[in-house]
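Notes to accompany the following structure.
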2 protein chains.
Amino acid sequence: MSADPTLRREIPDATVARLPEYLRTLTMLAEAGVASVSSEELAASVGVRSAQLRKDLSHLGSYGVRGVGYEVETLALEITRALGLTQDWPVAIVGMGNLGHALASYSGFVTKGFHIVALFDDDPALIGEQVGDVTIRPSWDIEGCARELGIAIGVIATPAPAAQTVCDALVKSGVHAILNFAPSVLTVPAGVEVRRVDLSTELQILAFHAQRRVGLPSPAVVQR
Amino acid sequence: MSADPTLRREIPDATVARLPEYLRTLTMLAEAGVASVSSEELAASVGVRSAQLRKDLSHLGSYGVRGVGYEVETLALEITRALGLTQDWPVAIVGMGNLGHALASYSGFVTKGFHIVALFDDDPALIGEQVGDVTIRPSWDIEGCARELGIAIGVIATPAPAAQTVCDALVKSGVHAILNFAPSVLTVPAGVEVRRVDLSTELQILAFHAQRRVGLPSPAVVQR
DNA sequence: ATTTGTGAACCATTTCACAGCT
DNA sequence: AGCTGTGAAATGGTTCACAAAT
C-alpha cells in the first residue's frame, strides 16, 4: 500500500460514521458566525468526548492549531473532502410508496452533495407521476437507464420481497452504494456497500432498553 | 451484581442490535414450516458468522441442542422475551409531515409488540386529521396526555429545530425511549435511551465508500 | 457424527495522559 | 498557558478452535 502523506489514509469505519455529525455541527457554527472551536466545545455539541474527536480528526490530517483550536471553515472543508462531498452524487430511489415519496421530498436529501436523478416504481398508477422535477419511471427500466444517468447511490424503499431483485438490477447497472429501507438482508458482490435502515429493528432495540427499566425511578425528575 | 441464571444477564449492545435480525429470520422460517435450524444455516440467512450467532445466543441462555441445532419456535420465543416484545409497547409519533405520515402507515410498525396510540403535530391544518384509527393531537398537549396514554416510546419526525423541545416534553411525560429522525443531537437525562436515524448521515457514509472506488472496476461514467 | 457453547486469541475502538507546538 | 495530536492502556467485540453434549 502507498503511504502517501497527503491523502488516501486509512480512516476507521467508526470515525467515518461520525464525520457527518461533525460536519453538520460545523456548518451550523459557521452559519452562526463562529470562526474557531476547540475540540472540547465541538465534542460537547456533538455529544462525544474531546479525545475521541481529536483522534477522529487526526485520521484526516493535522488541521488544528495547538493552543488555539480548529478554524471552523477549514475543518468543515476538510471533512467535506474526506467524505467525498466536493462532487455531486446522483441518487435514485426505487419504490415510491409512502416512504419513497417522503424520502424524495425530504429536505435533508437536497443537502449539498446529493441530487435525485431518478425515481422508480413498478405500479402503473405511479409511473409517470412528477415528484419535484423528476418523473417516476418503471422499475424494469432500471438496467436500461441507471447506467447512463450515472447513478452512484441507490435507495431501496420497496416492500421486502422486491428488495433483492431491485438490488440486483442496481448493481448490474454499476451502482456500488445502496441504502436499504426494506426489512430484508441483501446479498451483493464484494465491493458494493450496503447500509440498512429499519424501523422495526430500531423499535425493538428501544423496547429492550425500555424493558430494562421496570422497577426504576419512573418520574422524569432530572437528577445526577 | 446478582448472577441470576435465568434472567437479568448482561447482554452486549452489539448483540442486542442483532437480535431483531435473528427474530425476523426465525419468524420467516417458522412461517415456511421449518422446525429446526443449525447456527450455520441461520447465520447464513442473516449474513453473520455462525460463531457470532452462537455467542450472541449464549447471552440469552442455552436454547440449542448439541448435534442438532435450534428449534425455531423456541428460539423465536426466547428472543421475543429477551427483547421485551411479549408485551405491547404504546408508541407516539410527533411530527406528522411526509415522514410522520409514512411512518404511521408503515406496515413494519404494526409488527407484534408495538401499537401507535398517539400522533402529534403543531400545524393547525393537521390537528384533528384521522390517520388509521388515531387522530392527530396538538403537540402542546404532549405533557397533558402522554403520561395517561402510557406512552413508552416516542418517535420524533419533526424538523430539526423542534426536536429538542418535543424531546423534553416526551421525557417530562415519562418516556424513556426515543427514536429521533430529526437531524439533531438530543440532550436527555441519564436513563433515557435515544436512537437516531438520519438519511443524510447514511448518504454521506455511502458517499465516502463510493469515493474510495474511483479507478476501480465497473466505471459508472462519472459526470456532472 | 454432528453441532452447540465457550474459553482464549485476536482485532477494533475508546479513553487516558502527556509530549509537542503555538 | 493552552490545546492539539498521539503513543500506550483499557475496553469492547469478533473469530478461532475445541471440549462437551446428544
Side-chain angles (χ1 to χ4, degrees), chain A residues 1 3 5-6 9-22 25-26 29 34-76 78-79 82 205 208-209, chain B residues 1 3 5-6 9-22 25-26 29 34-76 78-79 82 205 208-209:
Chain A
M1 301 292 164
T6 58
R9 284 155 176 274
E10 209 48 52
I11 304 182
D13 285 350
T15 295
V16 172
R18 281 185 296 265
L19 291 180
E21 253 2 89
Y22 301 157
T25 305
L26 285 167
L29 288 173
V34 178
S36 163
V37 271
S38 67
S39 63
E40 204 65 58
E41 293 162 340
L42 183 53
S45 315
V46 175
V48 301
R49 308 226 179 243
S50 64
Q52 169 130 273
L53 174 64
R54 291 198 302 276
K55 175 81 64 170
D56 281 343
L57 296 182
S58 76
H59 294 294
L60 314 189
S62 199
Y63 299 112
V65 180
R66 293 172 195 227
V68 178
Y70 300 88
E71 205 203 322
V72 172
E73 296 278 8
T74 310
L75 189 53
E78 289 304 332
I79 295 179
I205 295 171
F208 172 82
H209 290 288
Chain B
M1 292 298 152
T6 59
R9 283 153 177 276
E10 211 46 53
I11 304 182
D13 285 350
T15 295
V16 172
R18 281 185 296 265
L19 291 180
E21 251 4 88
Y22 301 157
T25 306
L26 285 166
L29 288 173
V34 178
S36 162
V37 269
S38 66
S39 63
E40 204 66 59
E41 293 163 338
L42 183 52
S45 314
V46 174
V48 301
R49 308 230 179 239
S50 65
Q52 168 128 273
L53 173 64
R54 292 199 301 277
K55 174 85 53 166
D56 282 342
L57 296 182
S58 75
H59 293 294
L60 314 190
S62 199
Y63 299 111
V65 180
R66 293 173 194 229
V68 178
Y70 301 88
E71 205 203 322
V72 172
E73 297 276 7
T74 309
L75 189 53
E78 289 304 331
I79 295 178
I205 294 170
F208 172 82
H209 290 288

Between CG on residue B:Asp56 and CG on residue B:Leu19, distance to nearest 0.5 Å: 6.5 Å
In DNA chain C, consecutive runs of at least three Watson-Crick or G-U pairs below 3.5 Å, as range with range, amount to C:1-22 with D:1-22
Between A:Thr25 and A:Val37, does the side chain to side chain contact (heavy atoms under 4.5 Å, CB included) criterion hold? Intermediate values first, please. CA-CA 11 Å; A:Thr25 305; A:Val37 271; over 6 Å; no
How close or far is atom P of D:dG5 from atom CD of A:Glu78, stated in whole angstroms? 12 Å
Between N or O atoms, less than 3.5 Å apart, protein on one side and nucleotides 20-22 of chain D on the other: list the pairs.
unit_1: D:dA20; atom_1: N3; unit_2: B:Arg66; atom_2: NH1; d: 2.8

Starting from C1' on D:dT11, measure out to CZ on A:Arg49 and report it in whole angstrom. 13 Å
Just to verify, which of A:Lys55, A:Gln52, A:Arg49, A:Arg54 counts as forming a side-chain hydrogen bond (donor to acceptor under 3.5 Å, both in side chains) with A:Ser39? A:Arg54
Rounded interatomic separation in angstrom, taking CG from A:Leu53 and C1' from D:dT4: 11 Å
Considering just the side-chain nitrogens and oxygens of A:Ser39, establish if one lies under 4.0 Å of OP1 or OP2 belonging to D:dC3. no
Measure across B:Ala82 and B:Leu60 and return the closest heavy-atom pair with its distance rounded to 0.1 Å. CB-CD2, 3.9 Å
Which value, rounded to the nearest 0.5 Å, describes the distance between A:Leu29 atom CG and A:Glu73 atom CD? 10.5 Å
Please tell me which of A:Lys55 and B:Ala51 maps to the more 5' nucleotide of DNA chain C, matching each residue to the nucleotide holding its nearest heavy atom. B:Ala51
I need the minimum non-hydrogen distance between A:Val72 and A:Ser36, along with the two atoms involved. CG2-N, 3.7 Å
Looking only at non-hydrogen atoms, find the nearest pair between B:Leu53 and B:Ala43 and report the distance. CD2-N, 3.7 Å
Considering non-hydrogen atoms only, spot the tightest contact between B:Ile205 and A:Pro20 and give its length. CG1-CG, 4.2 Å
How close or far is atom C1' of D:dG12 from atom CD1 of B:Ile11, stated in whole angstroms? 16 Å
Looking only at D:dT6, D:dT15, D:dT4, the nucleotide nearest the A:Ser38 side chain is D:dT4
Whole angstroms only, please: what is the CG-P distance between A:Leu57 and D:dC3? 16 Å
Residue of the set A:Asp13, A:Leu57, A:Val48 for which side chain to side chain contact (heavy atoms under 4.5 Å, CB included) holds with A:Arg18: A:Val48
Rounded to the nearest 0.5 Å, how far does OG1 of A:Thr15 lie from NE2 of A:His59? 4.0 Å
Stepwise side chain to side chain contact (heavy atoms under 4.5 Å, CB included) check, A:Tyr70 with A:Glu41: CA-CA 10 Å; A:Tyr70 300 88; A:Glu41 293 162 340; over 6 Å; no
Scan A:Arg54 against the nucleic acid and name what it touches under 4.0 Å (heavy atoms): base, sugar-phosphate only, or nothing. base
Whole-Å distance between D:dT11 C1' and B:Glu10 CD? 14 Å
A:Gln52 CD to D:dG7 P, straight-line distance once rounded to whole Å: 17 Å
Going 5' to 3' along DNA chain C, which nucleotides are the first and last within contact of chain A (any atom under 4.0 Å from a heavy atom)? C:dT13 to C:dT22
In whole angstrom, give the distance that lies between atom CG of B:Asp56 and atom P of D:dT14. 7 Å
